Amino acid sequence: MSMHRRRLLQWLAASPFAATASAQLLPKSRLPDPIPWAALEPDKLIKSPKDAINVFDFEPVARQNVPPAHFGYMASGIDDEVTLRANREGFLKFQLRPRRLVDVEKVDMSTEILGVRYATPIMVAPVGGHRMFHPDGELATARGAKAGGHAMILSTATTTSVEEVSAARGAPVWYQLYATNKWDVAKAFVMRAEKAGCPVVAVTVDRSGGRNQETLFRLQRTDTRDCNTCHDRSSLQANLRRRSMYEGVDLTGLTHTQASSMTWDFLKRLRDTTKMKIVLKGILAHEDATLAVQNGMDGIIVSNHGARSEDSGRSTIDALPEILEAVKGRMPVLVDSGFRRGTDIAKALCMGAQAVCIGRPYIWGLGAFGQPGVERVLELLRIELHAIMQQLGAPSIKQLVPAMVRRA
Ligand SMILES: Cc1cc2nc3c(=O)[nH]c(=O)nc-3n(C[C@H](O)[C@H](O)[C@H](O)COP(=O)(O)O)c2cc1C
């Protein structure tokens with residue numbers, strides 16, 4: 001170790017900043033860095049959505065408002081949460097290559113996704129049980145999404161009906177399917193979503209095994225409320241009674257809400273059952289992307305479920321290039337997991353992703369302030385995307401091209 005570096009480390013250890021900001025935040029190459037002077041202080045909470053400088057400002061407010069067990073459910077990854085960190089750190093593996101002297105006075109962020117034009121390529125990812133985070137639940141989210149023209153994917157585990165959510169969004173939402181172990185249950189969900197006008201069913205294919213959500217279990221222990229007053233755990237069927245999609249469906253024989261035995265045969269059967277477009281959510285390997293094309297799927301979402309499926313250690317931005325290469329433009333490729341900044345979104349769009357779905361950040365907004373929180377989180381992401389599009393010299397989504405991103 002050089003003398004200079006040793007002195008630097010000694011300075012850091014003795015510095016008052018070491019107590020307030022993790023030394024890891026300080027770059028090794030230079031000092032000073034602005035972060036220690038303006039670190040996000042979790043005890044100084046924003047009082048209104050407009051005070052937020054970035055999406056992270058909402059998380060500590062949500063933490064304060066939402067019961068610890070529910071907050072833990074949202075925040076948790078799996079095991080050592082290596083993938084959760086990788087999803088953020090993955091963006092550091094890629095750099096943007098801005099182009100200059102392009103007229104970017106006007107920026108058009110609208111884009112077509114599966115035949116429908118949306119005002120923005122930023123979509124609302126399916127998250128179960130929004131009433132866990134705010135009494136207005138999915139209706140607040142849908143109204144927040146509507147304000148910015150965002151497409152919304154509604155979870156099978158929704159606490160509000162697909163009909164009401166679509167009405168609040170002002171257009172039918174996409175429907176996310178957890179297939180369960182029983183075909184007739186999946187079929188009932190899909191028929192209802194189709195009847196409600198949903199144009200797309202996003203079949204989640206990445207929840208085939210168990211998971212140890214350690215952060216959830218630890219925070220659950222700190223929750224002093226009696227969970228049994230809301231959750232009927234006497235049986236799976238009783239537990240699902242508060243979930244709108246299961247209403248009126250024969251749940252006899254239901255043992256799982258997700259599906260461990262799902263194969264491509266299920267998708268063939270689904271194709272014969274519905275006219276909705278079918279998108280697979282949770283694809284991470286190019287082999288499966290190729291199979292999705294061969295099996296006539298309409299699109300895929302590259303996702304590791306926000307690091308909630310397996311602790312693979314791989315970010316989705318790292319997996320995206322191999323998927324795009326396999327698909328070769330034959331169907332739209334969407335992506336989610338860990339997207340928090342306009343630059344994150346721009347990197348994926350430059351690579352060739354059609355849209356980017358956001359999970360936890362809008363839930364932070366919802367838990368913090370309800371609909372205005374969701375609205376502001378999505379607005380901040382749009383503002384950041386707009387700014388980086390101008391900086392990159394890309395006045396439209398189509399002009400975000402692979403040459404604008406490189407592996408670091
Ligand atoms: C609290 C929570 C609940 C979720 N519920 C579902 C769900 O019901 N169905 C689904 O397909 N994905 C679900 N997801 C995964 C999201 O759709 C999405 O893939 C993920 O949140 C994206 O990562 P991010 O949270 O880092 O943005 C959930 C994620 C969270 C955080």
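Note that this is a predicted model, so its numbers are computed, not measured. Order of appearance sets the numbers: ligands from 1, and atoms from 1 within every ligand.
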Just heavy atoms, cut-off under 4.0 Å: does Val127 contact ligand 1 by side chain, backbone, both, or neither?
both
Logged contact type for His305 with ligand 1, heavy-atom cut-off 4.0 Å, is both
Classify the ring geometry of Trp183 against Phe266: parallel below 30°, tilted from 30° to 60°, perpendicular beyond 60°.
perpendicular
Protein contact to atom 19 (O) of ligand 1 [nearest heavy atom, distance to 0.1 Å]:
Asp336 OD2, 2.7 Å
Atoms in ligand 1 with a heavy atom of Ala125 nearer than 4.0 Å
17 (O), 18 (C)
For Thr204, take its heavy atoms, then give the atoms of ligand 1 lying under 4.0 Å from any of them.
10 (C), 11 (O)
Heavy atom under 4.0 Å from ligand 1: found in Lys281's side chain, backbone, both, or neither?
side chain
Indicate, as side chain, backbone, both or neither, the part of Met132 found under 4.0 angstrom from ligand 1 when only non-hydrogen atoms are considered.
neither
Taking only non-hydrogen atoms of Ser303 and a 4.0 Å limit, the atoms of ligand 1 in range are 19 (O)
Between His231 and His70, what is the ring plane arrangement, given parallel below 30°, perpendicular above 60°, and tilted in between?
perpendicular
Mark up the atoms of ligand 1 that fall under 4.0 Å of a heavy atom belonging to Gly128, in ascending order.
3 (C), 4 (C), 5 (N), 6 (C), 8 (O)
Among all protein heavy atoms, pick the one closest to atom 21 (O) of ligand 1 and tell me residue, atom and distance.
Gly359 CA, 3.6 Å
For His130, the option from Thr160, Thr141, Thr159 that meets side-chain hydrogen bond (donor to acceptor under 3.5 Å, both in side chains)
Thr141
Without placing hydrogens or testing angles, list every side-chain donor-acceptor pair under 3.5 Å for residues 112-124, not counting sequence neighbours.
residue: Arg117; atom: NE; partner: Ser110; partner atom: OG; Å: 3.4
residue: Arg117; atom: NH2; partner: Ser110; partner atom: O; Å: 3.3
residue: Arg117; atom: NH2; partner: Ser110; partner atom: OG; Å: 3.2
residue: Tyr118; atom: OH; partner: Trp174; partner atom: NE1; Å: 3.3
residue: Thr120; atom: OG1; partner: Ile122; partner atom: N; Å: 2.9

Counting non-hydrogen protein atoms only, what is the nearest one to atom 17 (O) of ligand 1? Give residue, atom name and distance.
Pro126 O, 2.6 Å
Atom indices of ligand 1 within 4.0 angstrom of Met74 heavy atoms, with elements
1 (C), 31 (C)
